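Because the structure is a prediction, the values reported are computed rather than measured.
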Amino acid sequence: PTFPCVDVALVHWPGDEARRHRLRNRGVARLLLVAPDAAPPDVDDSLEDWVRMPAPDVDVRARVEGLRRRFSSFDTPRIDEDGVVRFGEGWVAVPPVEARLVGAMIDRFGACVGRDVLAQAAWPEGSPGRNALDVHMARLRKRLSTVELAIRTIRSRGYLLESAA
């Protein structure tokens with residue numbers, strides 16, 4: 001089957017890294033076409049894959065179709081400028097510090113986000129301490145559970161935001 005409504009951007013790697021980041025920020029699925037002599041990219045996003053070039057057309061098409069299938073079944077949360085998190089049919093408002101935390105986690109939905117990255121996102125001027133992050137994450141867990149989102153602790157690494165379903 002094909003998924004014509006889902007676009008997958010082809011990005012040359014490493015030559016077009018800036019475009020890769022712009023597409024990632026917009027939530028666009030990407031297939032990285034890796035130059036023959038380049039190191040493979042670090043892929044930590046389920047909306048991204050790569051293939052080393054030159055590759056047969058059938059391989060490129062298979063990777064694109066795989067991304068389309070993943071993307072078409074992938075409902076990602078969104079947060080607006082007012083701190084309203086939307087996921088599926090639900091929504092929940094979060095206070096400013098928690099909005100910055102969940103925003104950082106939405107940017108890497110389904111992947112582990114380190115404590116240091118979260119602290120920097122929540123408190124750009126400097127973190128008030130380790131316990132403050134834990135307290136806000138506990139509150140955020142409770143709020144997000146109402147819209148079927150779950151925050152998992154990845155021991156010694158950080159936190160992961162995913163669908164609770």
Side-chain angles (χ1 to χ4, degrees), residues 3 5-9 11 13-14 16-32 34 39-50 63 66-165:
F3 303 88
C5 61
V6 177
D7 288 330
V8 175
V11 179
W13 178 260
D16 213 354
E17 187 172 358
R19 180 169 175 251
R20 174 193 186 197
H21 290 291
R22 286 192 308 273
L23 291 167
R24 179 184 181 140
N25 290 339
R26 291 183 13 225
V28 175
R30 301 151 321 274
L31 178 63
L32 305 180
V34 179
D42 181 23
V43 174
D44 59 3
D45 182 347
S46 59
L47 297 180
E48 187 170 83
D49 200 354
W50 64 272
R63 298 285 179 143
L67 282 165
R68 284 184 175 150
R69 274 193 301 279
R70 266 187 266 166
F71 191 78
S72 68
S73 64
F74 200 68
D75 187 18
T76 58
R78 299 162 309 284
I79 186 166
D80 65 23
E81 63 277 354
D82 296 318
V84 176
V85 177
R86 298 178 193 283
F87 185 65
E89 299 296 313
W91 65 271
V92 63
V94 296
V97 170
E98 292 172 28
R100 292 189 295 271
L101 286 169
V102 76
M105 296 180 77
I106 287 172
D107 288 345
R108 297 200 51 206
F109 186 65
C112 181
V113 182
R115 292 179 62 87
D116 55 335
V117 171
L118 290 168
Q120 178 65 34
W123 301 280
E125 306 302 319
S127 178
R130 180 177 178 87
N131 191 43
L133 179 60
D134 295 335
V135 168
H136 283 284
M137 293 306 285
R139 290 178 185 157
L140 197 50
R141 269 190 175 104
K142 197 178 255 188
R143 289 184 211 283
L144 295 179
S145 69
T146 65
V147 292
E148 302 296 319
L149 287 170
I151 297 175
R152 309 281 183 226
T153 301
I154 309 299
R155 189 175 178 147
S156 301
R157 298 204 44 222
Y159 296 94
L160 180 141
L161 179 66
E162 64 183 1
S163 171

Stepwise side chain to side chain contact (heavy atoms under 4.5 Å, CB included) check, Trp123 with Leu133: CA-CA 10 Å; Trp123 301 280; Leu133 179 60; 4.2 Å; yes
Which distance, rounded to the nearest 0.5 Å, do you find between the [atom1] of [X] and the [atom2] of [Y]?
X: Arg141; Y: Leu161; atom1: CZ; atom2: CG; value: 10.5 Å
X: Arg22; Y: Asp16; atom1: CZ; atom2: CG; value: 6.5 Å
X: Arg139; Y: Asp134; atom1: CZ; atom2: CG; value: 11.5 Å
X: Arg24; Y: Asp44; atom1: CZ; atom2: CG; value: 4.5 Å
X: Asp42; Y: Trp50; atom1: CG; atom2: CH2; value: 11.5 Å

Trp91, CH2 atom: more than 12 neighbouring heavy atoms under 6.0 Å: no
Decide if atom CZ of Arg157 counts as having more than 12 heavy atoms of other residues, nucleotides or ligands within a radius under 6.0 Å.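 No, because the 6.0 Å sphere around CZ of Arg157 holds 12 heavy atoms or fewer from other groups.
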With the side chain counted from C-beta on, respond yes when Pro41 and Glu48 share a heavy-atom pair under 4.5 Å apart, and no when they do not.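 No, side chains not in contact.
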Heavy atoms, side chains only, cut-off 4.5 Å: are Asp49 and Val43 in contact? no
Between Arg152 and Glu162, is there a side-chain N and carboxylate O pair less than 4.0 Å apart?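 Salt bridge flag = yes for Glu162 with Arg152.
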Can you name the closest pair of heavy atoms from [X] and [Y] and give their distance?
X: Trp13; Y: Pro40; answer: NE1-C, 4.3 Å
X: Gly110; Y: Leu160; answer: O-CD1, 3.6 Å
X: Ile79; Y: Val94; answer: CD1-CG2, 4.3 Å
X: Ala121; Y: Ala104; answer: CB-CB, 3.9 Å
X: Ile106; Y: Arg78; answer: CD1-C, 4.0 Å
X: Leu140; Y: Ile151; answer: CG-CD1, 3.9 Å

Donor-acceptor pair, side chain of Arg30 and main chain of Val28, under 3.5 angstrom: yes
I'd like to know if the side chain of Arg143 and the backbone of Ala93 have a donor-acceptor N/O pair within less than 3.5 Å. no
CA sep, side-chain torsions, deciding dist, call: Arg115, Met137, side chain to side chain contact (heavy atoms under 4.5 Å, CB included): CA-CA 11 Å; Arg115 292 179 62 87; Met137 293 306 285; over 6 Å; no
Atom pairs and distances, side-chain donor-acceptor, residues 81-90, under 3.5 Å, sequence neighbours left out:
none

